[in-house]
Amino acid sequence: MAGLELLSDQGYRVDGRRAGELRKIQARMGVFAQADGSAYIEQGNTKALAVVYGPHEIRGSRSRALPDRALVNCQYSSATFSTGERKRRPHGDRKSCEMGLQLRQTFEAAILTQLHPRSQIDIYVQPLRGVVSLQVLQADGGTYAACVNAATLAVLDAGIPMRDFVCACSAGFVDGTALADLSHVEEAAGGPQLALALLPASGQIALLEMDARLHEDHLEWVLEAAAQAARDVHTLLDRVVRQHVHEASILLGD
Amino acid sequence: MPLIKGMLIERPSFRSYFHSCGVFLSVPNVDLPPLCSSRFRSGPPGEEAQVASQFIADVIENSQIIQKEDLCISSGKLAWVLYCDLICLDYDGNILDACTFALLAALKNVQLPEVSINEETSLAEVNLKKKSFLNIRTHPVATSFAVFDDTLLIVDPTGEEERLATGTLTVVMDEEGRLSCLHKPGGSGLTGAKLQDCMSRAVTRHKEVKTLMDEVIKSMKPK
């Protein structure tokens with residue numbers, strides 16, 4: 001975008017954040033009664049809902065059942081109103097399928113599927129993006145990251161055992177500096193973007209995806225910025241989980 | 001006071017289209033995704049979602065919440081189309097009541113920008129700075145009942161109660177006691193007297209719901 005300075009000389013970004021600073025995150029677990037596990041997260045203006053059903057018996061063809069582990073089924077559906085133009089087909093389009101697949105691959109790495117053979121775990125994610133104005137309906141960036149974080153909380157709420165939290169964050173590279181947690185404006189500017197899903201305790205990367213060209217020398221910085229941001233997200237999510245458990249135990253009268 | 005069960009998020013979006021006034025000016029769509037309950041599968045909208053969508057369309061049409069003339073920008077040329085998307089997030093029975101309530105609340109929240117037709121270019125010019133609320137003429141509120149074996153009637157059934165019920169009844173009434181819609185899809189029979197009881201309960205419900213909604217709208221921060 002002409003004339004838009006993504007990083008000022010003093011090191012401030014468009015929304016006033018520093019290079020490595022995350023947007024404000026608010027999360028709640030156990031928001032729905034019907035689902036086995038559910039969570040709602042807000043990262044800046046990006047909002048995501050995740051709902052988990054399972055582990056339960058395989059729906060549909062029994063032949064899909066895996067004898068030694070659970071089948072993880074992820075579905076990503078953006079609401080018809082969450083993007084600029086009203087979408088006629090919220091499911092089944094390429095982007096939704098791709099996101100669903102990425103989420104499935106991410107969570108297959110984290111969930112201890114060996115504990116539930118021949119069963120199915122459903123994860124449904126629905127992002128609800130904030131609307132800034134009528135003309136330019138901006139979706140605030142970081143949809144994938146918000147979805148993964150929401151899904152982690154939902155899986156934990158459902159009591160499904162996981163190897164570790166899965167914390168995700170995006171990162172970019174502007175003017176020689178790595179930026180963490182890109183907003184929509186920064187994503188739309190067209191620079192390199194990296195999405196990272198991390199298992200914080202072991203430091204293992206569950207998913208890494210990058211668009212646009214980036215010099216290999218810079219990769220390390222961007223990766224480190226994303227990893228650090230993911231660890232910050234982990235601290236936050238950990239606190240949310242502990243708070244939720246604390247509240248639940250009060251209700252049970254312990 | 002009976003609670004509205006099942007949470008809904010709705011956001012009518014609007015586009016202006018070149019077509020003559022009076023054709024499909026509001027398009028409601030109810031979505032019951034698999035995330036709201038394990039009884040729904042993913043794929044094209046099931047029976048329940050389609051019935052609910054049609055019910056909402058009937059409510060809008062019959063109760064005349066909005067007049068078609070209010071959506072007209074320039075007669076014969078330009079009109080607003082309201083897309084009402086209702087997505088169920090948590091299904092615990094009584095979807096029709098919740099849908100109607102959400103629809104009404106969302107419509108009260110809608111702000112349309114001013115559109116003028118430039119005479120020289122005959123193109124529409126949208127003025128985003130000047131927005132006005134929709135003119136809501138009536139406030140229909142739905143009250144649903146579950147019928148058990150012709151004798152027992154319970155208002156605002158939960159998911160479990162709905163599953164066990166032998167019939168359901170939904171009454172849509174507006175603030176002047178006018179009936180917009182009466183929906184009784186088969187099921188066990190109901191005497192006339194029982195029906196009258198339902199009507200009076202619907203009137204009371206209308207008052208309760210309207211008070212709640214007015215409170216909420218007043219407490220909302222203006223954008």
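In the text below, chain A, chain B and the rest are named by the order of the sequence lines, each starting its count at 1.
E61(B) CD: 12 or fewer foreign heavy atoms inside a 6.0 Å radius. For CZ of R28(A), the number of neighbouring non-hydrogen atoms (other residues, nucleotides, ligands) closer than 6.0 Å is 12 at most.
The line from CD1 of I87(B) to CD of Q126(A) is 5.0 Å long, rounded to the nearest 0.5 Å. To the nearest 0.5 Å, atoms OG (S38(A)) and CG (D90(B)) are separated by 7.5 Å. Atom CG of D36(A) is separated from atom OG of S38(B) by 7.5 Å, given to the nearest 0.5 angstrom.
The ring-ring contact (aromatic ring centres under 6.0 Å, His included) check on H206(B) picks up nothing, with sequence neighbours excluded. Applying the side chain to side chain contact (heavy atoms under 4.5 Å, CB included) test to P185(B) and every residue at least two apart in sequence or in another chain returns T168(B), H183(B).
Nearest heavy atom pair, residue Q75(A) against residue P34(B), reads OE1-CG, 3.8 Å.
No donor-acceptor distance shorter than 3.5 angstrom exists from the side chain of Q34(A) to the backbone of S37(B), with no hydrogens or angles considered.
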